[in-house]
Protein chains: 2
Amino acid sequence: MAAWGERLAGVRGVLLDISGVLYDGGEDGGTPIPGSVEAVARLKLSKLKVRFCTNDSQKSRRDLVGLLQRQGFDISEGEVTSPAPATSLILKERGLRPHLLIHDGVRSEFDQIDTSNPNCVVIADAGEGFSYQNMNEAFRVLMDLEKPVLISLGKGRYYKETSGLMLDVGAYMKALEYACGIEAEVVGKPSPEYFQLALKEMGVEAHETQRIGQSPMLRLTEIAPKRPCGGACRQEHLS
Amino acid sequence: MAAWGERLAGVRGVLLDISGVLYDGGEDGGTPIPGSVEAVARLKLSKLKVRFCTNDSQKSRRDLVGLLQRQGFDISEGEVTSPAPATSLILKERGLRPHLLIHDGVRSEFDQIDTSNPNCVVIADAGEGFSYQNMNEAFRVLMDLEKPVLISLGKGRYYKETSGLMLDVGAYMKALEYACGIEAEVVGKPSPEYFQLALKEMGVEAHETQRIGQSPMLRLTEIAPKRPCGGACRQEHLS
């Protein structure tokens, strides 16, 4: 606690990644990373505001939170910023009716969205849903639009599961970008707008926020000048 | 004949695209483009050397030629330059053992290639073979290599079938390039090496060659300064 106390001086909010920080995903639901359940519990006992920020686009917030709770984490649905609800907001604001190329696990997040006569395509980490037929269908929808709009929930290259590396949505985003000659709009990390949404939901300014991520490249000393939260928020590991 | 005679003055060889010039492909085998059977017959009656140059990577040369012969074209296997046999040559020359992500229709072109313990990945227009599982397998092979080598048979964005537009191998090439952080080697049009191979097989120099393609952007007046055959070969429509 002493080390954390020093590191978090002047910080009001903590933004935590989920995959690779709280747990490693897998077909069996994944496994918590040793020490992370206790670390989250300690943070919750402090006066710090805590928010979880993920790019996971295969699961609804409800399913993700349920999975983490079963692993022992103190986490609730309202504490999670995830790309599917953020995308739903954008679709409503802009009057967009998506053709959805997404995993069934996240479909409930789009229950309130009109998907008739689509005027855009939304892709997420669809996993096995990235069949040739589904990709071709999304491609044809885009090519039929006068101004094709492609929204991608994150742009990850790949992620790690217990079975090995898995292609992420970014690869399929690139495929559609190339085929259609367009550029996708990305909802998710590392987009500054996405971090701003998480900060807004937490009610804390960027310069008062400590981000905790998984990648070695995100260590505090290296990333601080890059203002990854759209402000001066800092980054550190949870370990 | 008069118009052709004038246009082909000084030309010794003619390089013809296949898809979109001889026929439009489709699940039913496609249909010949009106007038193209007769045009090829006229060329064959002239003193010009004729070679067919395709990016089709779903079919073996034997199958492609059989299909065109049934449509009435005067064409033989030895007159066709296609990316699969060209890739086989490259694999043999460089001692590469490929993991193949290709259509079953073209697999026979790789019968003589050692595919054990792969040290590269070869992708072609695999159609329905571009499942998430197959793409992920190719991705993992690449990520396991110290120096990942990805060879793509063409880099087309899409092509047209009677049922509509179809995603081509280029989109999936881009997906793997992005996921692995690499650049693919392309065997097929518009690579200059590929045109040079076709010219070598025809035994005619680039400046003596007339190319006949489908795209409006390849009209003679527009393309001539670009030297698309790796020399001064000219381009024109067959219509």
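Just so it is clear: chains get the letters A, B, ... in the order the sequence lines come, proteins before strands, and each one is counted from 1.
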(request) Check the angle between the aromatic planes of Tyr172(B) and Tyr172(A) and answer parallel, tilted or perpendicular using the 30° and 60° thresholds. (result)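 Tyr172(B) vs Tyr172(A) ring planes: perpendicular.
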
(request) Answer with side chain, backbone, both or neither: which region of Met135(A) has an atom nearer than 4.5 Å to a non-hydrogen atom of chain B? (result)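 Met135(A) touches chain B through backbone and side-chain heavy atoms alike.
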
So for atom [atom1], which belongs to [X], do other residues, nucleotides or ligands contribute more than 12 heavy atoms lying within a distance under 6.0 Å?
{"X": "Phe73(A)", "atom1": "CZ", "answer": "yes"}
{"X": "Gln133(B)", "atom1": "CD", "answer": "no"}
{"X": "Lys155(A)", "atom1": "NZ", "answer": "no"}
{"X": "Arg62(A)", "atom1": "CZ", "answer": "no"}
{"X": "Tyr158(A)", "atom1": "OH", "answer": "no"}

(request) Any chance you could measure Tyr178(B), atom OH, to Glu177(A), atom CD, to the nearest 0.5 Å? (result)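 If I round to the nearest 0.5 Å, the distance is 8.5 Å.
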
(request) Supply the atom-to-atom distance Ser131(A) OG to Glu128(B) CD, rounded to the nearest 0.5 angstrom. (result)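 One finds 7.0 Å between OG of Ser131(A) and CD of Glu128(B).
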
(request) With the side chain counted from C-beta on, respond yes when Phe139(A) and Met166(B) share a heavy-atom pair under 4.5 Å apart, and no when they do not. (result)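 Heavy-atom side-chain distance check fails, nothing below 4.5 Å.
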
(request) Check whether any side-chain heavy atom of Ser163(B) lies under 4.5 Å from a side-chain heavy atom of Arg140(A), and answer yes or no. (result)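 Yes. Closest side-chain heavy atoms under 4.5 Å.
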
(request) Measure across Asn136(A) and Leu167(B) and return the closest heavy-atom pair with its distance rounded to 0.1 Å. (result)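 Answer, listing the atom of Asn136(A) first, then Leu167(B): OD1-N, 2.7 Å.
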
(request) Please report the closest heavy-atom contact between Ala175(A) and Ala175(B), naming both atoms and the distance. (result)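 Minimum heavy-atom contact is CB-CB, 4.3 Å.
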
